[in-house]
There are 2 protein chains.
Amino acid sequence: MCENFPVASYHHGNLRAALIDTSLKLIEEKGVRALTLREIGTRAGVSRTAAYRHFTNKADLLAAISEAGFKEFGDALEAARQQAIDSPLEAMAVAYVRFASQHSAHYEVMFEDSSVPGGEYAVRAFNILEETVRQGQKAGQIRPGDSIQLARLLWSLVHGISTLRLDPDPTNFTIFCAEVLRTGLANHSA
Amino acid sequence: MCENFPVASYHHGNLRAALIDTSLKLIEEKGVRALTLREIGTRAGVSRTAAYRHFTNKADLLAAISEAGFKEFGDALEAARQQAIDSPLEAMAVAYVRFASQHSAHYEVMFEDSSVPGGEYAVRAFNILEETVRQGQKAGQIRPGDSIQLARLLWSLVHGISTLRLDPDPTNFTIFCAEVLRTGLANHSA
DNA sequence: ACCTGAACACCGTTCAAGT
DNA sequence: ACCTGAACACCGTTCAAGT
């Protein structure tokens with residue numbers, strides 16, 4: 001991070017990164033809806049229109065933030081999939097919810113439009129989910145069936161957990177949800 | 001609905017309802033973020049500041065829309081619970097997703113802030129979910145355990161399905177999800 | 001009581017001008 | 001190339017004034 005660099009350093013070509021950095025901090029503080037280009041400029045030590053040298057407009061800035069977020073997101077999911085051998089689905093779910101919780105500014109921008117983004121990194125991130133389902137099916141851990149539909153179910157669940165935040169401990173709640181989803185909501189002793 | 005009434009009728013005390021009606025239409029067309037008080041006024045045939053006679057500000061208008069939405073929402077969930085005897089959980093899930101799909105403007109406003117609303121009607125709506133879980137547990141259909149946590153799982157899932165809309169047929173996808181959730185994601189034949 | 005129109009402080013965006 | 005400051009067309013909100 002470069003928040004303590006002198007203002008002069010922004011004039012050497014890293015203003016773009018500084019603007020994104022500043023934006024993420026402002027989003028964390030007040031939410032995306034309160035984000036203004038003018039305040040970003042002021043906080044970054046440049047004029048209110050300096051951002052237009054690096055982004056065509058505000059939407060373009062947000063798109064850049066979203067793309068960077070999906071890249072990190074995919075890396076986190078990929079790491080979770082490779083590490084967990086016994087229960088990759090639970091590991092993925094936890095990694096998903098943890099990312100949304102710890103990178104709330106990124107996550108907010110990524111799913112701002114309430115429509116699924118179609119960017120390269122977004123597609124990659126969600127392909128990882130589906131691959132995990134197929135992997136589990138091959139290993140005999142997950143029921144057979146349309147892996148895309150099963151991945152959509154999983155994705156909907158972790159997205160709902162992440163945006164609704166009904167439980168104060170997201171990780172613990174996600175582990176609980178993964179267990180119930182795995183074994184089923186039905187009463188097996190009946 | 002009163003969309004075809006003469007403009008003069010708005011001056012007889014029903015401007016408040018007309019403003020909410022107009023807002024919902026504008027939200028359906030362009031989304032909440034593009035909603036402006038000025039356009040609401042113009043579309044309703046009054047001045048750009050007429051709304052301030054009925055709402056303290058824009059946030060208050062949105063709060064009124066949200067509250068009315070949660071009231072209708074609760075009615076829909078309650079009706080679904082009372083009708084379905086054999087699988088109340090699936091009926092609730094379908095009713096939830098169908099409401100979000102058919103009342104997208106209302107739903108968008110209701111969950112705009114990405115934080116759970118605490119209003120009277122919102123609490124009522126989600127108590128119905130939990131009651132359904134307890135009901136299913138008493139009937140021996142649903143596994144025992146903390147009904148609040150199980151309701152939170154269900155709620156997260158249907159909210160995720162509603163906001164992400166990964167499947168073109170929300171109702172059909174919800175029935176699929178309810179079946180998987182009921183019987184479990186694990187491979188039972190292994 | 002209810003509505004209007006001008007006014008104020010914001011915002012995104014453009015553009016001529018500076019280095 | 002990169003940044004600035006004035007300017008324009010929008011917003012939400014306030015308020016004195018009209019009926």
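Note on naming: letters A, B, ... go to the chains in the order of the sequence lines (proteins, then strands), and numbering restarts at 1 for each one.
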Practice problem: Using side chain to side chain contact (heavy atoms under 4.5 Å, CB included) as the criterion, list what pairs up with A:Glu179, not counting sequence neighbours. | Solution: A:Arg182, A:Thr183
Practice problem: Return the set of residues passing side chain to side chain contact (heavy atoms under 4.5 Å, CB included) with A:Ser104 (not counting sequence neighbours), or none when no residue passes. | Solution: A:Glu28, A:Arg165
Quiz prompt | Nearest atoms (heavy-atom pairs only) where A:Leu19 meets A:Ala51 | solution = CD1-CA, 3.7 Å
Self-check item: side chain to side chain donor-acceptor pair (under 3.5 Å) contacts in which one or both residues fall within residues 117-126 of chain B, not counting sequence neighbours
Solution: B:Asp75-B:Arg124
Quiz item: Can you list the residues that meet the side chain to side chain contact (heavy atoms under 4.5 Å, CB included) rule with B:Asp60, with sequence neighbours excluded?
Solution: B:Phe55, B:Thr56, B:Asn57
Quiz item: Side-chain N or O of A:His54 less than 4.0 angstrom from OP1 or OP2 on D:dC3?
Solution: yes
Quiz item: Starting at CG of A:Leu19 and ending at C1' of D:dC2, how long is that distance when rounded to a whole Å?
Solution: 13 Å
Self-check item: Residue of the set A:Glu131, A:Glu130, A:Glu90 for which salt bridge (Lys or Arg N to Asp or Glu O under 4.0 Å) holds with A:Arg81
Solution: A:Glu131
Quiz prompt | Inter-residue atom distance B:Lys30.NZ - B:Leu35.CG, 0.5 Å rounding | solution = 9.0 Å
Quiz prompt | Heavy-atom protein contacts under 4.0 Å, nucleotides 11-16 of chain C, coded B base, S sugar-phosphate only, - none | solution = BBBB--
Self-check item: Heavy-atom closest pair, residues A:Leu164 and B:Val116
Solution: O-CG2, 3.4 Å
Practice problem: Could you summarise the pairing of DNA chain C as dot-bracket text, marking Watson-Crick and G-U pairs under 3.5 Å with ( ) or [ ] inside the strand and | across strands? | Solution: ||.|||||...|||||.||
